[in-house]
There are 2 protein chains.
Amino acid sequence: MSEMIERYRKIIEESGQKFTKQKQLILETILEVNRHISANEIFNLVKNKNIGLATVYRALNSFTELGILKRIKIDNTSYYELKIYSGKVLHVHFICKYCKNILDINDKNLILEYIKLNNLVENNFDVEVQDADIMLVGVCSSCSNKK
Amino acid sequence: MSEMIERYRKIIEESGQKFTKQKQLILETILEVNRHISANEIFNLVKNKNIGLATVYRALNSFTELGILKRIKIDNTSYYELKIYSGKVLHVHFICKYCKNILDINDKNLILEYIKLNNLVENNFDVEVQDADIMLVGVCSSCSNKK
DNA sequence: CTTGATGCAAAGGATTTGCACAAAT
DNA sequence: ATTTGTGCAAATCCTTTGCATCAAG
């Protein structure tokens, strides 16, 4: 078992839940694809191994609550990506309104600026910001050139 | 008819669509509540006037496309708020993970900072940012005091 | 008139849930 | 053994769509 999976196992077991074959398989699948993936896509990748769609949903919900996964919504579907131990502090995404492709905005300086802003919000609005979903919407260069 | 409604009417008619009683009523309802409101909530406020739920959804989709409304998703439901002529440039929201209340982050300086960051993203990632959905997640002061 | 809009009910898609069975500690 | 997880199918919730009718320009 990979080091990653070992860490997730620890988190899951420490929460009182059992670390089952199904959960491991689902985690491995997400690790492998290494991009935003939906419950249904995961299901299609694992259904030959006798895993039900409900199990996939239950696992994804559980992992999200435990902070292992990050859920982002596009139209009416949830997509998931690994959250902790993935080297990311904050999630900033850009979605192209035409091709619907999602870009990860991973520039370190930008992310740091965003975090500063979150701190400003905390001070000005008397709240505690624990997470930020930032979705920028616009036109990617590829779709821009097609016009 | 209020000045606001007149402006929306213009936008709707210029897009080639008809400005019907139903659309007017839905717009007036959103204007009145002056907060995030779901299709179902709107429907409950207008159903006694013989408007179907489908009409509400069709109007909301149309208004969103025309840029009159802004759609934000919470859990599996869409909420809408007036976008243009509402004095807002960019939409930054804070949601409390406990009470699920949504705060509008309307501080002018903060918003301007966010816009600057969007411009940085445009330059660094070769995209055109047209809109930004920023949802901060955390704990509001009220829920924080209850612990 | 002609075209687009509406209301209703049915369909659709994503997600959740009830239940009997299986597997983990 | 006991408790939690699973697979399946049915149920649920939000949203969209087909169709006959209605209303706006």
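This one's a predicted model, so the numbers in the text were calculated from it and none came from an experiment. Chain naming here is simple, since letters A, B, ... match the order of the sequence lines and numbering starts at 1 in each.
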Closer than 4.0 angstrom, basic N to acidic O: yes or no for B:Lys21 and B:Glu28? no
Shoot me the first and last contacting nucleotide of DNA chain C against chain A, ordered 5' to 3', at under 4.0 angstrom to non-hydrogen atoms. C:dA14 to C:dT25
For A:Thr20 and B:Tyr79, find the nucleotide of DNA chain D closest to each by heavy atoms; which residue's nucleotide sits nearer the 5' end? A:Thr20
Any N/O pairs under 3.5 Å between the protein and nucleotides 11-14 of chain D? List them or say none.
residue, atom, partner, partner atom, Å
D:dC14, O3', B:Asn76, O, 3.4

Does a nitrogen or oxygen in the side chain of A:Asn50 sit under 4.0 Å from OP1 or OP2 of D:dG7? no
Side chain of A:Ala54 - closest among D:dT17, D:dG5, D:dC8: D:dC8
Whole angstrom is fine here: how far is it from CG in A:Asn61 over to P in D:dT6? 13 Å
ILVMFWY network linking B:Leu53 to B:Val46, side-chain heavy atoms under 4.5 angstrom: yes
Donor-acceptor contact below 3.5 Å, side chain A:Ser62 vs main chain A:Arg58: no
Check: B:Lys70 side chain, B:Tyr80 main-chain N or O, donor-acceptor pair, under 3.5 Å: no
Rounded interatomic separation in angstrom, taking CD1 from A:Ile42 and P from D:dT6: 14 Å
Same cluster or not: A:Ile74 versus A:Leu136, using hydrophobic residues (I, L, V, M, F, W, Y) connected whenever any side-chain heavy atoms lie under 4.5 Å apart? no
Contact between B:Asn101 and B:Ile95 at the side-chain level, heavy atoms closer than 4.5 Å - yes or no? no
Closest-nucleotide ordering on DNA chain C, the 5'-leading residue of A:Gln22 and B:Leu53: B:Leu53
What's the NZ-P distance between B:Lys21 and D:dC22, to the nearest Å? 14 Å
Rounded to whole Å, NZ of A:Lys49 lies from P of D:dG7 at a distance of 13 Å
Helix axis bend for the helix from C:dC1-D:dG25 to C:dT25-D:dA1 - C1'-based end axes, five pairs, 10° rounding: 40°
Has B:Glu128 got a side-chain atom pairing as donor or acceptor with A:Val139's backbone, closer than 3.5 angstrom? no
Atom CD of A:Gln17 to atom C1' of D:dT3: distance rounded to whole Å? 13 Å
Euclidean distance, atom CZ of residue B:Arg58 to atom P of D:dT17 [Å, nearest integer]: 10 Å
Provide, to the nearest angstrom, the distance between the CG atom belonging to A:Leu60 and the C1' atom belonging to D:dT6. 15 Å
Within the structure provided, determine whether B:Ile105 and B:Ile134 are in side-chain contact (heavy-atom separation under 4.5 Å). no
Take the protein atom CG of B:Asp75 and the nucleotide atom C1' of D:dT15, then report the distance between them rounded to whole Å. 16 Å
May I ask you to say whether A:Lys100 pairs ionically with A:Asp75, meaning some side-chain N is under 4.0 Å from a carboxylate O? yes
How about A:Lys10: does its NZ atom have over 12 heavy atoms from other parts shown lying under 6.0 Å from it? no
For the backbone of A:Val137 and the side chain of A:Lys97, can you confirm whether one donor and one acceptor N or O come within less than 3.5 Å of each other? no
After noting the C-alpha distance and the side-chain angles of A:Glu41 and A:Arg35, does the key distance pass the salt bridge (Lys or Arg N to Asp or Glu O under 4.0 Å) rule? CA-CA 11 Å; A:Glu41 288 176 284; A:Arg35 59 174 176 83; 3.6 Å; yes
How would you label the contact of A:Ile51 with the nucleic acid (heavy atoms, under 4.0 Å): base, sugar-phosphate, or nothing? sugar-phosphate
